[in-house]
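Presented below is the structure to which this report refers.
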Amino acid sequence: MEKTWRWFGPEDPITLDMLRQIGVEGIVTSLHHVPNGAVWSYDEVKKMKDYIEDHGLRWSVVESLPVSESIKYGGEDRDKLIENYKESLANLGKNGVKTVCYNFMPVLDWARTDLDYPNPDGTTNLYFNRAEFAYFDIEILKRPGAEKDYDDETLRRMREEVAPRMSEEARRRLVENIIVKTQGFVNGNITESDLNPVEKFRSLLKLYKGVDAEKLRENMVYFLNAIMPVCDEYDINMCVHPDDPPMPILGLPRIVTGDADINAFLDAVPNPHNGLTFCAGSLSGSAANDVPELARKYADRTHFVHARICNVMPNGDFKESTHLDPRLIDVIRTFETQRPGVPMRVDHAPLMLGDEKMGYNAGYSFHGRMLALGMVSGIMATVNADSKTAKTEK
């Protein structure tokens with residue numbers, strides 16, 4: 001696999017020169033300064049590509065070329081926005097950038113309740129506490145009927161364990177973690193400049209009134225069918241990111257959560273340019289997903305790999321696991337042997353000493369990801385050595 005790294009542009013404190021020194025081969029980035037829905041011009045794409053190549057690297061993957069909310073819920077302007085998207089894809093293709101990661105998650109790109117969950121070794125990780133999420137949904141967002149979406153044990157934890165410690169500061173922090181800090185750096189709907197993020201979030205939820213999983217899936221297929229001719233012309237691989245977490249949240253449908261969902265959208269648009277970002281971390285957020293088996297099943301339609309993995313607790317909470325988790329080793333083995341050359345990046349690594357004051361985006365510290373890249377590189381080297389040994393013995 002190609003060792004890549006998510007980089008947030010020239011203002012990122014992690015420089016391209018630093019990345020070359022730690023063995024990164026390709027860059028995963030976006031034109032973060034271009035507003036959602038606007039066309040990525042040929043010149044802007046070329047400028048970014050040239051900047052990356054001037055540092056001895058290549059622009060391997062676009063993450064992300066955002067899909068506007070109106071395309072997802074089927075707004076009146078979706079056809080115009082799809083035309084803009086097609087033009088952006090063409091400009092990427094003309095510049096030789098051929099892999100585009102995107103998502104079809106309504107409103108929220110991803111969700112966590114704690115961005116600094118302490119580990120025994122002194123590092124911190126991202127964490128999803130289901131009872132805290134329920135508190136946000138029921139007591140802060142005050143979504144009508146929200147209680148019906150949670151089991152009795154989660155509601156008990158919310159009332160007995162979470163509510164008593166929710167000071168005004170704790171409530172503010174929960175809002176920031178769920179709908180602000182995880183969204184702003186991915187061209188999300190909420191930014192740190194928003195004065196009333198909860199009210200803005202409520203207005204976004206209203207856009208999806210009447211949009212269930214079936215309708216959202218129809219809108220995704222409509223979008224994919226519209227852009228496939230451009231992908232065919234320029235040999236661009238579209239690879240959707242699984243839902244994170246892989247379950248319906250906040251009354252919103254989710255349609256890329258596991259085996260049945262993945263099979264459905266691949267079958268609905270069988271063009272080989274319609275593929276998957278295999279994010280082992282997102283998929284492992286549900287205990288129902290056998291992640292190594294999914295990797296084997298969908299390797300041939302995977303165009304991009306996110307190397308991380310989560311542990312799910314009996315109560316439904318989940319947190320990031322080590323990059324040496326046996327399940328992730330199995331996933332790496334699959335793609336290293338079945339999809340040589342596919343871009344791979346490590347993801348959601350721990351925050352380590354030296355990183356805590358750098359202001360890195362949540363889950364994207366330098367030392368933590370460098371450690372993770374070293375681990376995954378070692379796995380890849382071992383897999384390759386084993387393969388050579390096996391061939392020699394034959």
Side-chain angles (χ1 to χ4, degrees), residues 3-29 32 55 57 63 110-129 132 165 167 169-170 172-178 180-186 192 244 279-282 284-285 305-313 317-329 332 344-382:
K3 300 172 189 176
T4 69
W5 185 279
R6 190 168 192 183
W7 176 72
F8 297 99
E11 301 303 315
D12 193 327
I14 301 171
T15 68
L16 295 180
D17 289 336
M18 293 165 66
L19 298 182
R20 283 187 64 197
Q21 291 188 15
I22 64 172
V24 171
E25 299 161 339
I27 295 301
V28 177
T29 195
H32 294 285
H55 288 79
L57 297 162
E63 186 178 358
W110 57 292
R112 295 294 187 276
T113 56
D114 193 338
L115 309 182
D116 299 291
Y117 187 83
N119 296 316
D121 62 2
T123 62
T124 64
N125 266 113
L126 307 178
Y127 193 98
F128 184 89
N129 183 307
E132 288 185 356
R165 57 179 170 80
S167 63
E169 173 58 24
R172 182 195 64 78
R173 183 178 177 85
L174 192 61
V175 169
E176 284 196 349
N177 288 350
I178 294 175
V180 180
K181 289 186 176 180
T182 57
Q183 304 303 304
F185 68 92
V186 290
E192 294 194 13
D244 188 3
C279 181
S282 295
S284 61
V305 176
H306 285 185
R308 66 180 181 90
I309 201 85
C310 289
N311 285 329
V312 181
M313 318 304 175
D317 295 358
F318 64 86
K319 69 182 292 291
E320 311 291 336
S321 181
T322 171
H323 285 73
L324 293 178
D325 187 297
R327 294 168 296 161
L328 188 57
I329 293 174
I332 296 301
M344 175 280 303
R345 72 169 177 86
V346 295
D347 200 7
H348 291 192
L351 189 71
M352 304 175 69
L353 287 175
D355 284 342
E356 70 279 5
K357 297 180 180 179
M358 295 299 295
Y360 295 134
N361 295 321
Y364 292 93
S365 64
F366 178 61
H367 290 120
R369 282 191 288 167
M370 180 170 66
L371 174 63
L373 181 61
M375 292 175 174
V376 173
S377 296
I379 297 168
M380 292 166 59
T382 301

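Values below: every heavy atom of this structure, side chains too, minus hydrogens, waters and symmetry copies. Since the structure is predicted, the reported quantities are computational estimates derived from the model, not experimental observations.
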With a 4.5 Å limit on heavy-atom distance, are the side chains of P350 and H367 in contact?
no
Using side-chain heavy atoms (C-beta onward) and a distance below 4.5 Å, is H306 in contact with S282?
no
Spacing of CD1 belonging to I309 relative to CZ belonging to F318, to within rounding of 0.5 Å
12.0 Å
Using the side chain to side chain donor-acceptor pair (under 3.5 Å) definition, which of the options N177, D244, N125 pairs with R112?
D244
Does S365 offer a backbone N or O that forms a donor-acceptor pair with the side chain of R369 under 3.5 Å?
yes
For A307, does its backbone N or O pair with a side-chain atom of H323 as donor and acceptor, under 3.5 Å?
yes
Run the side chain to side chain contact (heavy atoms under 4.5 Å, CB included) test on H32 and D12 for me, step by step, so that the C-alpha distance in whole Å, both residues' side-chain angles and the decisive distance to 0.1 Å come before the verdict.
CA-CA 11 Å; H32 294 285; D12 193 327; over 6 Å; no
Donor-acceptor pair, T4 side chain versus G26 backbone, under 3.5 Å?
no
CD/E63 to CZ/F8 distance, rounded to the nearest 0.5 angstrom?
8.0 Å
Atom CD1 of I27 and atom CG of L57: how far apart are they, to the nearest 0.5 Å?
5.0 Å
For the pair R173 and E132, find out whether any cationic side-chain nitrogen is under 4.0 Å from an anionic carboxylate oxygen.
no
Once rounded to the nearest 0.5 Å, what's the spacing between atom CE of M18 and atom CZ of F366?
4.0 Å
If the plane angle is over 60° it's perpendicular, under 30° parallel, otherwise tilted; pick one for Y127 and Y117.
parallel
Any donor-acceptor pair under 3.5 Å from T113 side chain to N129 backbone:
yes
Please indicate whether R172 has more than 12 foreign heavy atoms, meaning atoms of other residues, nucleotides or ligands, lying under 6.0 Å from its CZ.
yes
Determine, stepwise, if the pair M370 / M352 fulfils side chain to side chain contact (heavy atoms under 4.5 Å, CB included).
CA-CA 10 Å; M370 180 170 66; M352 304 175 69; over 6 Å; no
Main chain of K3, side chain of E25: is a donor-acceptor contact present, judged purely on distance under 3.5 Å?
yes
Separation of Q21 CD from T15 OG1 (nearest 0.5 Å):
8.0 Å
Find out whether N311 and D325 are in side-chain contact, i.e. whether some heavy atom of one side chain is under 4.5 Å from a heavy atom of the other.
yes
So do T322 and M375 actually touch side chain to side chain, heavy atoms under 4.5 Å?
yes
Testing the basics here: between P118 and T124, what is the closest heavy-atom pair and its distance to 0.1 Å?
CA-CG2, 4.1 Å
Please walk me through it: do I379 and L324 pass side chain to side chain contact (heavy atoms under 4.5 Å, CB included)?
CA-CA 8 Å; I379 297 168; L324 293 178; 4.1 Å; yes
In Å and rounded to the nearest 0.5 Å, what is the CZ to CD1 distance from R6 to I14?
12.0 Å
Which atom names give the shortest non-hydrogen contact between S284 and C310, and what distance separates them?
OG-N, 2.8 Å
So, D121 and T123: side-chain donor and acceptor under 3.5 Å apart, yes or no?
yes
Would you please indicate yes or no on a ring centroid separation below 6.0 angstrom for H348 and W110?
yes
Would you please test I22 and W5 for side chain to side chain contact (heavy atoms under 4.5 Å, CB included) and show each step?
CA-CA 11 Å; I22 64 172; W5 185 279; 3.6 Å; yes
